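Here is the structure we will look at, set down as structure tokens.
One-based numbering along the sequence shown. Keep in mind that this is a model prediction, so the values were computed, not measured. Atoms considered below: every heavy atom in the structure, side chains included; atoms not considered: hydrogens, waters and symmetry mates.
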Amino acid sequence: IFADRRVMNSGAVAEAAVREAGHVDVLIANLGVPAPATRAVEVTDDEWREVFSHIVDPLPGLMRGVLPQMIERQSGKVVVMGSATAFRGQKRTSAYSAARGAQVSYVRAVGAEVAPHKVRVNLIAQNFVENPMYYGPEVQALPAFQERLKREVPAARLASAQEDALFAVFLASNEVDFFVGQSIPFAGGWVS
């Protein structure tokens with residue numbers, strides 16, 4: 001539904017766009033922003049708002065747009081593409097990690113609320129997945145990054161975008177209906 005991330009920093013705009021889409025069986029919410037690498041004592045209010053406005057603020061609007069019809073049909077899936085940084089403390093990621101943690105808590109609460117209506121809301125807590133925003137070719141080519149993969153990621157590689165998408169398809173499928181409000185790590189063992 002969305003291609004322009006500028007649209008996504010407004011819950012009301014997100015809600016209207018989802019409603020305009022009509023019948024929605026599955027919503028994949030892939031909200032991202034380049035992760036700032038700012039020391040906690042230097043994070044400005046503007047940086048904090050910027051990160052939350054792209055990663056957290058659209059979620060209520062997306063849910064308002066899609067959940068009523070799913071609840072009415074007693075069927076539907078929402079998969080939020082989150083981040084494993086919510087589960088592992090890292091230096092210089094306080095704003096980003098806090099926003100990703102807010103996504104985890106939001107999914108947990110909404111997932112529990114709508115589960116009795118046969119609507120499943122879950123989150124993929126990803127990290128170390130090939131994508132141009134976080135791990136573009138220039139980053140992957142750095143020897144220090146290759147060493148980091150070997151040191152921190154038991155799988156010792158990045159996941160492909162296809163692997164990530166297939167996991168989302170799995171969670172969104174009709175055959176999988178027992179995940180409720182879960183945040184499932186998809187990070188090659190970086191978190192477990």
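- Rounding to the nearest 0.5 angstrom, the gap separating the CG atom in L123 from the CZ atom in F179 is 12.5 Å.
- With hydrophobic clusters built from ILVMFWY side chains whose heavy atoms lie under 4.5 angstrom apart, V129 does not share a cluster with V104.
- Checked for salt-bridge contact, R157 and E163 meet the test: a charged N lies under 4.0 Å from a carboxylate O.
- Residues V153 and G188 approach most closely at CG1-O, 3.5 Å, considering heavy atoms.
- A distance of 13.0 Å separates OG in S97 from CZ in R92, rounded to the nearest 0.5 Å.
- For E20, the CD atom is loosely surrounded, since the number of other residues' heavy atoms within 6.0 Å does not exceed 12.
- The backbone N or O of I55 lies less than 3.5 Å from a partner atom in the side chain of Q103, making a donor-acceptor pair.
- Using modelled atom types, no side-chain atom of S192 and backbone atom of G189 make a donor-acceptor pair closer than 3.5 Å.
- Applying the side chain to side chain contact (heavy atoms under 4.5 Å, CB included) rule to V169 yields no partners; only residues at least two apart in sequence or on another chain are considered.
- No donor-acceptor pair closer than 3.5 Å links the side chain of D164 to the backbone N or O of Q162.
- Using a distance-only test at 3.5 Å, with no hydrogens or angles considered, a donor-acceptor pair links the side chain of K77 to the main chain of S173.
- Nearest heavy atoms, I28 versus A168: CD1-CB, 4.2 Å.
- The cluster map of Ile, Leu, Val, Met, Phe, Trp and Tyr, joined by side-chain heavy atoms under 4.5 Å apart, puts V43 and V56 in the same cluster.
- Follow the hydrophobic side-chain contacts under 4.5 Å out from F186 and you never reach V107; the two are in separate clusters.
- Remark: side-chain polar atoms of R100 are not paired, donor with acceptor, to backbone N or O of A86 under 3.5 angstrom.
- Proximity of V79 to L27: side-chain heavy atoms (C-beta onward) are nowhere separated by under 4.5 Å.
- With values rounded to the nearest 0.5 angstrom, N122 atom CG is found 11.5 Å from R108 atom CZ.
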Exercise. Between E47 and T38, is a side chain to side chain donor-acceptor pair (under 3.5 Å) present by the stated rule, with each step listed?
Worked result: CA-CA 9 Å; E47 179 179 304; T38 309; 2.8 Å; yes
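- With a 6.0 Å radius and a threshold of 12 heavy atoms from other residues, nucleotides or ligands, R151 has its CZ atom above the threshold.
- Contact annotation: the side chain of P36 approaches that of V51 to within less than 4.5 Å [non-hydrogen atoms, C-beta and beyond].
- Residues F87 and S183 form a side-chain contact, since some pair of their non-hydrogen atoms from C-beta on lies under 4.5 Å apart.
- The shortest distance between side-chain heavy atoms of H117 and M70 does not fall below 4.5 Å.
- Checked by atom type and distance alone, the side chain of Q69 pairs as donor or acceptor with a backbone atom of V24 at under 3.5 Å.
- When side chains are defined from C-beta on, Y96 does not count as touching F52, because their heavy atoms never get closer than 4.5 Å.
- A salt bridge is defined here as a Lys NZ or Arg NE, NH1 or NH2 lying under 4.0 Å from an Asp or Glu carboxylate O, and E15 with R19 meets this definition.
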For this session: For the pair L158 and F145, evaluate side-chain contact (heavy atoms from CB on, under 4.5 Å) and give the outcome as yes or no after the intermediate values.
Result: CA-CA 11 Å; L158 293 177; F145 180 74; 3.8 Å; yes
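- In this structure, the separation between OG on S53 and CG on D46 is 10.5 Å, given to the nearest 0.5 Å.
- Of the charged side-chain nitrogens involved, at least one lies within less than 4.0 Å of a carboxylate oxygen, so that D177 and R120 count as a salt-bridged pair.
- Hydrophobic cluster membership is shared by V18 and M63, with clusters built from Ile, Leu, Val, Met, Phe, Trp and Tyr side chains linked at under 4.5 angstrom.
- For E138, the side chain to side chain contact (heavy atoms under 4.5 Å, CB included) test picks out no residue, with sequence neighbours left out.
- Counting heavy atoms from C-beta on, the side chains of R73 and D25 come closer than 4.5 Å.
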Problem set entry | Derivation of the side-chain contact (heavy atoms from CB on, under 4.5 Å) call for L171 and I184 | CA-CA 10 Å; L171 286 176; I184 306 158; 4.0 Å; yes
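- A ring-centre distance under 6.0 Å is not found for F128 and Y134.
- Between A98 and W48, the shortest heavy-atom distance links the atoms CB-CH2, 3.5 Å.
- In the hydrophobic clustering of ILVMFWY residues, with side-chain heavy atoms under 4.5 Å counting as a link, V121 and I71 come out together.
- Proximity of W190 to P185: side-chain heavy atoms (C-beta onward) are nowhere separated by under 4.5 Å.
- Judged purely by atom type and a 3.5 angstrom limit, Q140 uses its side chain to pair as donor or acceptor with the backbone of Y135.
- In this structure a side-chain-to-backbone donor-acceptor pair under 3.5 Å is missing from N127 to A84.
- L67 CG to L62 CG: the interatomic distance, rounded to the nearest 0.5 Å, is 9.5 Å.
- In this structure, T85 and V191 have side chains that are not in contact, with every pair of non-hydrogen atoms separated by 4.5 Å or more.
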